[in-house]
Number of protein chains: 2
Amino acid sequence: MPNGGQPTIVSIAARAGVSIASVSRVLNGQGARRDTVERVRRAAAELGYVPNAVARSLKDGRTRQLTFAMPDIGNPVYVAMVRAIQAVTKAAGYRLLLHSTDAVAEDELAVLHSLGDRTSDGLILCPIRITDEHIEALTTAAGPVVVIGSLPDGVPVDSVRADSVAGSAMAVAHLFRTGRRRIAFINGPSDTVPGRNRDLGYRTALTACGLPHDEALVVHTDFGIDSGAAAVRRLLPARPDALFCANDQLALGAAHALLARGVRIPEDIAVAGMDDSALAQAGWPPLTSVDLGSSTRGRRAAELLLDRLEARGGTGTAPPPRTTTAPPRLVVRASTAPATDSPVTRTA
Amino acid sequence: MPNGGQPTIVSIAARAGVSIASVSRVLNGQGARRDTVERVRRAAAELGYVPNAVARSLKDGRTRQLTFAMPDIGNPVYVAMVRAIQAVTKAAGYRLLLHSTDAVAEDELAVLHSLGDRTSDGLILCPIRITDEHIEALTTAAGPVVVIGSLPDGVPVDSVRADSVAGSAMAVAHLFRTGRRRIAFINGPSDTVPGRNRDLGYRTALTACGLPHDEALVVHTDFGIDSGAAAVRRLLPARPDALFCANDQLALGAAHALLARGVRIPEDIAVAGMDDSALAQAGWPPLTSVDLGSSTRGRRAAELLLDRLEARGGTGTAPPPRTTTAPPRLVVRASTAPATDSPVTRTA
DNA sequence: GTGAAAGCGCTAACAA
DNA sequence: TTGTTAGCGCTTTCAC
């Protein structure tokens with residue numbers, strides 16, 4: 001047995017004394033004589049038959065599998081996305097293939113190309129950066145793709161983006177409203193799209209609040225809890241009364257560094273993070289954070305993709321690419337409660 | 001074109017003016033005349049050919065896909081496993097199919113049965129509980145399975161387990177060594193294997209330390225940060241000087257509840273958690289935690305599974321099932337630093 | 001209502 | 001070295 005002993009429609013047909021066509025029909029709920037149905041059903045049950053999904057896929061050209069490719073499954077943001085995507089795909093009867101690109105662009109391109117191997121019916125891609133090669137690969141992709149991230153105009157692909165400009169601005173405005181006037185910013189790398197957007201939101205909000213922009217209050221670093229702590233050491237001489245951090249891990253590291261030197265949160269310095277991951281809630285005091293809608297983006301991306309898959313058999317022309325933006329949401333927690341002592345004494 | 005316009009070996013053969021067999025050979029690195037090789041290569045490149053993995057799978061009976069099924073991808077423990085598994089499978093050239101069972105036993109059984117559809121070559125299953133049906137399904141599984149969890153003897157399946165008995169005992173012994181004498185225990189549900197094992201470890205360690213076992217110091221609850229906080233309220237009247245929690249989320253919730261009522265950690269009450277997830281590090285003070293080796297277990301499970309897959313073509317008889325136990329590791333952080341005031345005054 | 005047969009895309013045995 | 005062909009397991013005409 002070249003098959004490993006697994007029953008196939010052939011074994012069932014033999015056992016039931018019918019043709020394989022009848023087996024197929026019965027098993028797919030098509031009409032057949034009562035007697036035939038019964039014999040096939042029984043034979044299948046006795047043999048413990050499970051249809052071979054690979055053969056079926058080859059036949060009808062779809063696998064009922066979807067791929068999600070993201071930089072790192074260790075990051076809470078992507079975990080939230082996986083979770084949301086998983087929920088949608090499962091409900092729709094699709095399996096989910098997970099691919100960690102390790103934030104390597106070539107890996108992302110490889111995933112894009114591998115769409116051609118028909119292993120999955122579609123792809124949700126979360127690229128770290130969009131290069132010309134990405135655009136080329138997206139344009140010529142062998143199947144439907146949804147990008148989670150910001151795409152230049154004209155790329156014929158659905159996308160779901162976060163509004164980190166608005167999100168950053170929300171956080172800064174909130175800190176201002178709670179009486180903070182020297183709002184420092186711990187940002188991620190400045191050469192990434194998210195880094196630039198957060199920076200833009202920060203500056204915009206400062207201006208809107210009528211606050212000066214002080215370079216001494218801004219630090220660029222990489223993400224990660226230790227980086228947050230290190231950044232604090234560099235910022236303290238500038239006497240900030242609030243810390244806005246580009247993600248929760250930075251915020252957490254910053255908070256720890258502050259507490260370790262006896263700085264009170266939020267009485268002396270308020271701290272706000274971004275992503276509203278489990279870490280924000282876990283912090284002490286619990287951290288105010290801006291939810292950029294990872295979950296929403298994941299869900300939406302999955303819905304868009306499924307929608308493309310449905311639409312396939314329909315009208316000849318594919319609908320134009322759609323772009324959704326997930327609105328940010330400020331989650332206020334104890335780490336940014338208004339300072340009890342007069343903020344006026346702190347003003348620069 | 002029933003195919004969606006994708007090039008196949010037929011299109012390449014036509015373009016290169018050779019037979020499909022030649023195309024296959026060239027593309028699979030078999031010998032051919034220089035001229036033939038070149039023409040096939042070029043045709044394939046021009047057409048942007050990508051081999052159809054489904055067709056290939058049907059041919060050789062393997063998909064190079066592995067499935068990982070666990071209760072909930074939102075849980076840090078499973079995230080750690082996914083990450084480790086992903087790393088191993090990726091290196092071995094396998095794709096990873098993720099399946100969230102939502103902690104529903106029927107879903108676990110369904111996954112087990114669906115191994116028969118040949119969608120993946122093997123399965124790593126992380127069951128919440130092992131029922132007789134599980135054992136039945138595991139015994140008759142259509143492909144290799146590795147279970148992460150404790151399996152009764154005689155089930156012909158590889159497994160990787162955590163040693164939560166030893167892990168719990170380590171935590172308790174550590175608390176004892178740092179001067180604690182009234183060590184409370186916030187455990188998960190008592191009707192689960194992990195719950196029972198942690199309880200056993202707790203009791204064993206108490207006895208080993210010569211401490212009495214006080215029912216008033218033990219609370220059973222479900223996992224989750226809120227449950228931890230609620231448990232603290234129930235425990236405080238019993239005047240504990242240490243809290244051992246069955247996972248990090250409970251510990252975090254407990255810590256928050258303590259801090260909120262002005263109890264100092266670790267001066268007044270020490271807190272230790274379990275799993276050593278990112279949350280433990282995120283807590284304030286950073287939480288001592290017992291690493292039960294989620295990462296190690298994931299990696300090991302993947303290795304065992306791959307090993308089975310390799311072994312397949314080998315000797316007729318399959319090697320006997322193997323069981324690995326991941327050793328627990330105590331990660332000491334600030335939340336259990338020795339109390340500064342004499343522990344003697346606290347003794348019951 | 002049922003069976004024979006073609007074909008999805010690929011690999012490999014066999015012939016030439 | 002190359003081409004023809006069978007076959008992986010299934011669905012689906014097309015005859016009967």
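Per chain, numbering begins at 1; letters A, B, ... match sequence-line order. As the structure is a computational prediction, the values presented were derived from the model and not from experiment.
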Spacing between B/D117 atom CG and D/dC8 atom P, to the nearest angstrom: 19 Å
Touch class at under 4.0 angstrom, heavy-atom based, for A/V18 against every strand present: sugar-phosphate
Side-chain N or O of A/T36 closer than 4.0 Å to phosphate OP1/OP2 of C/dT2: yes
Phosphate OP1/OP2 of C/dG9 contacted by B/T8 side-chain N/O (<4.0 Å): no
Salt-bridge criterion met for B/R300 and B/E303 (N-O under 4.0 Å): yes
Between D/dG9 (C1') and A/Q6 (CD): distance, integer Å: 12 Å
Inter-axis angle, terminal five-pair segments of the helix from C/dG1-D/dC16 to C/dA16-D/dT1 [nearest 10°]: 50°
Separation of C/dC8 P from A/N52 CG (nearest whole Å): 18 Å
Test log, rule side chain to side chain contact (heavy atoms under 4.5 Å, CB included), inputs A/I85 and A/L305: CA-CA 10 Å; A/I85 293 171; A/L305 187 52; over 6 Å; no
Protein-nucleotide distance (B/I12, atom CD1; C/dT11, atom P), rounded to Å: 10 Å
Note: A/D117-B/R64 ion pair, threshold 4.0 Å (strictly below): no
Heavy-atom pair of closest approach, residues B/S22 and B/T36: CB-CG2, 4.4 Å
Interatomic distance, A/R33 CZ vs C/dG1 P [rounded to whole Å]: 9 Å
Inter-residue atom distance A/Q6.CD - A/T8.OG1, 0.5 Å rounding: 9.5 Å
Step-by-step side chain to side chain contact (heavy atoms under 4.5 Å, CB included) determination, B/T89 to B/F68: CA-CA 11 Å; B/T89 55; B/F68 177 50; over 6 Å; no
Electrostatic pair A/R56:A/D60 at N-O distance under 4.0 angstrom: no
What side-chain donor-acceptor pairs closer than 3.5 Å can you find for residues 145-157 of chain B, not counting sequence neighbours?
none

Per-nucleotide protein contact string for nucleotides 11-16 of chain D (B base, S sugar-phosphate only, - none; heavy atom under 4.0 Å): BBB---
Minimum heavy-atom distance between B/A32 and B/V26, given as atom pair plus value: CB-CG2, 4.0 Å
